[in-house]
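Computed from heavy atoms alone, side chains included, the values below leave out hydrogens, waters and symmetry copies. The first residue of the sequence shown is numbered 1, and numbering continues consecutively from there.
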Amino acid sequence: TVTTLAGSHTGGGTCGTMSGLSFCNDGIGNQAEFFTPRGITVRPTSGSFRIFVADKNNHRIRKIDPTTGNVTTAAGGFMGDGDCGGVASPTCNDKPNTPQTGDEARFYFPEDVAYNGGWIYIADSGNHRVRRLDGGTGDDITVAGISSFNPTLPPPPHPGGYADGNARTEAKFKTPMGVAAAGGINKIYVTDRDNHLIRLLDFTVQPSQVTTIAASPGISGNADDHLNYECGVSSGANPCQCSLCGNGVQEGDEQCDDGN
């Protein structure tokens, strides 16, 4: 049986300062509105849990109480980027390496969320970054991905790229679409769509590192060593099993960090 926990297909509300958007109201059950919800994850709480949703076209992360159906905005407001090079505007809340709380946070088409080790990890696709949210306080910070701010480009005002290395000072992504926790606490797998790669974000080493564990940078295809616009990654029965989708579905039965 399928029932609707939260959301309405009618829309039509207003979103305060979110001029031009009309599908982002908080509320209980069908009073709440989403605008292209994508990824979903569950964060355990004392005796219960909370559901977190990547509300893509609202550029927000939403939180749902499954008992009451109450939907609140955990983080996000205007579309934009919190690490955008010192340019002050409604779409740029420039606090690099500093947690942003609630509606201070800026996302650009967040695609996916994953819970791991007390945190909610976010594939912030348009900003080419992985973000980390404290589901209790709403504090959000970029944990992986850099790019060069260029105000002459259309939003988001910076391109993606490809590089492994130090997660905060060297690593680059190009449209990360999926995040998944597997292989223990503090390891996050990322589908790097436009680089046609699967990446590993590893917090068990310091400084945290991003490495490429599957496919070849920038080469698409359906061969076993190529991926074609992969859109997600998830953990299977094997803690490091990856399920990927491109033009089809590829399932890796080997350990992800073996490079298979």
**Study point:** Sequence-distant partners of Asn166, side chain to side chain donor-acceptor pair (under 3.5 Å), two or more places apart
**Key:**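 Once residues adjacent in sequence are excluded, the partners of Asn166 under the side chain to side chain donor-acceptor pair (under 3.5 Å) criterion are Thr169.
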**Study point:** Partners passing side chain to side chain donor-acceptor pair (under 3.5 Å) against Thr36 (at least two apart in sequence or in another chain)
**Key:** Asn57
Look at the side chain of [X] and the backbone N and O of [Y], then say whether any donor-acceptor pair between them is shorter than 3.5 Å.
{"X": "Asp26", "Y": "Thr73", "result": "yes"}
{"X": "Ser208", "Y": "Phe203", "result": "no"}
{"X": "Thr191", "Y": "Arg193", "result": "no"}
{"X": "Arg62", "Y": "Glu33", "result": "yes"}
{"X": "Asp164", "Y": "Thr212", "result": "yes"}

Exercise for review: With sequence neighbours excluded, tell me which residues meet side chain to side chain contact (heavy atoms under 4.5 Å, CB included) with Ala144.
Suggested key: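 By the side chain to side chain contact (heavy atoms under 4.5 Å, CB included) rule, Ala144 matches Val130, Ala167, Phe173, Leu201, Val210.
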Point to revise | Residue list, side chain to side chain contact (heavy atoms under 4.5 Å, CB included) with Asp134, at least two apart or on another chain | key: Trp119, Thr137, Asp139
**Study point:** Ion pair Asp140/Arg106, N-O distance below 4.0 Å
**Key:**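 No salt bridge links Asp140 with Arg106.
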Check your understanding: Can a salt bridge be assigned to the pair Asp55 and Arg38 using a cut-off of 4.0 Å between side-chain N and carboxylate O?
Key ->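 So Asp55 does not pair with Arg38 through a salt bridge.
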Could you list the residues that satisfy salt bridge (Lys or Arg N to Asp or Glu O under 4.0 Å) with [X], not counting sequence neighbours?
{"X": "Arg43", "result": "none"}
{"X": "Lys174", "result": "none"}
{"X": "Asp202", "result": "none"}

Check your understanding: If you look only at pairs with a residue in residues 64-78, which of them pass as a salt bridge (Lys or Arg N to Asp or Glu O under 4.0 Å), with sequence neighbours excluded?
Key ->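 Listed by first then second residue: Arg50-Asp65.
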Review point. Can you list the residues that meet the ring-ring contact (aromatic ring centres under 6.0 Å, His included) rule with Phe34, with sequence neighbours excluded?
Key: none
Review point. Listed by chain and number, what are the ring-ring contact (aromatic ring centres under 6.0 Å, His included) partners of Phe109, not counting sequence neighbours?
Key: His59
Exercise for review: Indicate, with yes or no, if the rings of Tyr115 and Phe49 have centres closer together than 6.0 Å.
Suggested key: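 Not under 6.0 Å, so no.
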